[in-house]
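Presented below is the structure to which this report refers.
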Amino acid sequence: MSLSNSLTASGQDLTSSGNRVGWEEASTVLKPSTPTRKSPKPENAITIGVSARVLFNMEKEQHIYEQQGMEEYIKYQVEHETQPFSPGPAFSFVKALEAVNTRLRELYPDSEELFDVVLMTNNHAYVGLRLINTINHHELFIERFCMTGGNSPIGYLKAYHTNLYLSADPVKVREALEEGIAAATMFTPEKMTEVSETQLRVAFDGDAVLFSDESERIYKAHGLDKFFEHEKAHENKLLDHGPLKGFLEALGKLQKKFYAKGQRMDCPIRTYLVTARSAASSGTRALKTLRSWGLEIDEALFLAGAPKGPMLEKIRPHIFFDDQLFHVEGAAEMGTVACHVPYGIAQRVIKRETHDKETSSAPK
């Protein structure tokens, strides 16, 4: 006999006073095995918008869309909706966010200052069932979806109070940055390095990521020597903010909640500055700027132009942000999940070089 049948077989009302004890015992048995967790209110949360293509591996489906069109793409997704997607490059990052939330809930049970992940995708709603099945299969806690059926989701980012947007589509990332939202194009390494399951590690480049591209402009226009001269002359002048300063601030705000409980040395969030600047010649200005913002970087690595990949391989961050594709590709080659921030003067140089190459090879 099933549990539900045993409860109703006598025909008695289980909510009556005579059966109250029995009902309380039964309700304990009937509680869901996984505790329910409410999503925080968007205005209180740190909202991370991720596209389906970076959260999950959808390369095969993307090829179907590109080669056979939307209708065949939707048909394939519906036919395979019980088959979960495998993890994509943002998967470990999202799991680390959840690990931080678990620790925060232990220390601050009533607080809504938590990470909240929103799936932002231009997929059609028909694909929603497969995405939901995949999220449940991998036991992710993602309650908010934004599915725009072929239209760009960028217009919804502000409505979701998005603090960071990650996508595989560089066009959408640029649109988000133009809207004033921290965003980056995420790349998938051929082989991803194993990362911590208990500590979120986030690595940032400095110029044109945390800071403005002011100093980068000097370097591009006048070379390295003039750059050093400029930084030395302006070491007491603070750098303006870059596109990801706000995300670092959000991480710092959560870190301080752990520090307040005496957990500075056991904090589940760790941040890194990994910059091509040299410490003696141009590091002072960067560190003074961070201090003026009230931001603490746990580790600062000044590489003086050396490759970043080996250092990132040692750090093993869940995510690394840089404005130069050269460093992003170098990091990805060594297994780091790296993101390109298409912001500042370096992007115009890339576009010009691409244009020159296309022009020289074009038929006369």
Please verify the inter-ring angle class for Y160 with Y156; under 30° counts as parallel, over 60° as perpendicular, anything in between as tilted.
perpendicular

If we only count heavy atoms from C-beta on, is the H327 to D205 side-chain gap below 4.5 Å?
no

Hey, are R144 and T47 close enough side-chain-wise for a donor-acceptor pair under 3.5 Å?
no

Looking at R53 and D169, is there a salt bridge between them, counting it only when a charged N and a carboxylate O are closer than 4.0 Å?
no

Under 4.5 Å between side-chain heavy atoms, hopping through other hydrophobics if needed: is there a path connecting I315 to L244?
no

Does atom CZ (F145) have a neighbourhood of more than 12 heavy atoms from anything else shown, all under 6.0 Å?
yes

Identified salt bridge (Lys or Arg N to Asp or Glu O under 4.0 Å) partner of E296 from the options K256, R270, R264, K253
R264

Side-chain touch H340/V173, heavy atoms, less than 4.5 angstrom
no

If only atom types and distance count, is the side chain of S212 paired as donor or acceptor with the main-chain N or O of E214 below 3.5 Å?
yes

Quick one: are Y73 and Q68 in side-chain contact, heavy atoms under 4.5 Å?
no

Is the shortest side-chain heavy-atom distance between P87 and K95 below 4.5 Å?
no

I'd like to know if L177 and V328 are part of one continuous hydrophobic network [Ile/Leu/Val/Met/Phe/Trp/Tyr, side-chain heavy atoms within less than 4.5 Å].
no

Calculate, to the nearest 0.5 Å, the distance between atoms CG and CG belonging to L114 and N101 respectively.
4.5 Å

Using a cut-off of 6.0 Å, state whether more than 12 heavy atoms not belonging to Y259 lie near its atom OH.
yes

Could you see if F302 belongs to whatever hydrophobic cluster contains F227? Use Ile, Leu, Val, Met, Phe, Trp, Tyr and a side-chain cutoff under 4.5 Å.
no

CG/N151 to NE2/H124 distance, rounded to the nearest 0.5 angstrom?
10.5 Å

Taking the inter-plane angle between the rings of H138 and F56 on a 0 to 90° scale, is it parallel (under 30°), tilted (30 to 60°) or perpendicular (over 60°)?
parallel

Is the number of heavy atoms from other residues, nucleotides or ligands under 6.0 Å of E197 CD greater than 12?
no

Criterion side-chain contact (heavy atoms from CB on, under 4.5 Å) on I142 and L55, from CA distance to verdict
CA-CA 11 Å; I142 300 177; L55 184 58; 3.6 Å; yes

Check whether more than 12 heavy atoms from other residues, nucleotides or ligands sit under 6.0 Å from atom CD of E59, and answer yes or no.
no

Given the rule in the side-chain contact (heavy atoms from CB on, under 4.5 Å) test, do M58 and N123 qualify, once you have shown the distances and angles that lead to the verdict?
CA-CA 12 Å; M58 299 178 67; N123 266 292; 4.0 Å; yes

Given R201 and D298, is the salt bridge (charged side-chain N to carboxylate O under 4.0 Å, His left out) satisfied, shown in steps?
CA-CA 10 Å; R201 297 177 187 173; D298 293 301; over 6 Å; no

Between the CE atom in M120 and the OH atom in Y165, the distance rounded to the nearest 0.5 Å is 8.0 Å

Answer whether the closest heavy-atom distance between the side chains of L303 and V274 falls below 4.5 Å.
yes

Test side-chain contact (heavy atoms from CB on, under 4.5 Å) applied to F187 and L325, step by step:
CA-CA 10 Å; F187 290 79; L325 279 170; 3.8 Å; yes

Does the side-chain contact (heavy atoms from CB on, under 4.5 Å) test come out yes or no for L166 and I319, once each step is laid out?
CA-CA 11 Å; L166 301 172; I319 193 166; 3.8 Å; yes

Can F115 be reached from F141 by stepping across I, L, V, M, F, W or Y side chains whose heavy atoms are under 4.5 Å apart?
no

Would you confirm whether T289, through its side chain, and L239, through its main-chain N or O, come within 3.5 Å as a donor-acceptor pair?
yes

OH/Y76: more than 12 non-hydrogen atoms of other groups inside 6.0 Å
yes

Looking at M334, I'd like to know if its CE atom is crowded, meaning that more than 12 non-hydrogen atoms belonging to other residues, nucleotides or ligands lie closer than 6.0 Å.
yes

Whether S196 side chain and Q199 backbone form a donor-acceptor pair below 3.5 Å
yes

Check whether R130 reaches the backbone of Q77 with its side chain - one donor and one acceptor, N or O, closer than 3.5 Å.
no

Please enumerate all residues that pass salt bridge (Lys or Arg N to Asp or Glu O under 4.0 Å) together with R316, with sequence neighbours excluded.
none

May I ask you to decide whether K261 forms a salt bridge with E106, counting only side-chain N to carboxylate O separations under 4.0 Å?
no

Taking the inter-plane angle between the rings of F321 and F247 on a 0 to 90° scale, is it parallel (under 30°), tilted (30 to 60°) or perpendicular (over 60°)?
perpendicular

Should S92 and V337 count as side-chain neighbours, where that means a heavy-atom distance under 4.5 Å?
no

Just checking R291: does its CZ atom have more than 12 heavy atoms from other residues, nucleotides or ligands closer to it than 6.0 angstrom?
no

Please check this pair: side chain of K257 against backbone of Y108, looking for a donor-acceptor N/O pair closer than 3.5 Å.
no

Backbone N or O of E81 within a donor-acceptor pair of the N133 side chain at under 3.5 Å?
yes

Does S167 offer a backbone N or O that forms a donor-acceptor pair with the side chain of S51 under 3.5 Å?
no

T162 OG1 to I181 CD1 distance, which is reported to the nearest 0.5 Å
5.5 Å

If you count every heavy atom of other residues, nucleotides or ligands that lies below 6.0 Å from E139 atom CD, does the total exceed 12?
no

Donor-acceptor check, side chain of Q347 to backbone of P342, threshold 3.5 angstrom: yes or no?
no

Do the non-hydrogen side-chain atoms of F93 and I48 ever get within less than 4.5 Å of each other?
yes

Does the Lys NZ or Arg CZ of K308 fall within the cation-pi geometry relative to F320 - under 6.0 Å from the ring centre and within 45° of the axis?
no

I'd like to know if E71 and K75 make a salt bridge, using a cut-off of under 4.0 Å between side-chain N and carboxylate O.
no

Indicate, with yes or no, if I132 and F91 share a hydrophobic cluster defined by side-chain heavy-atom contacts under 4.5 Å among Ile, Leu, Val, Met, Phe, Trp and Tyr.
yes

Quick one: does R174's side chain get under 4.5 Å of P170's, heavy atoms only?
yes

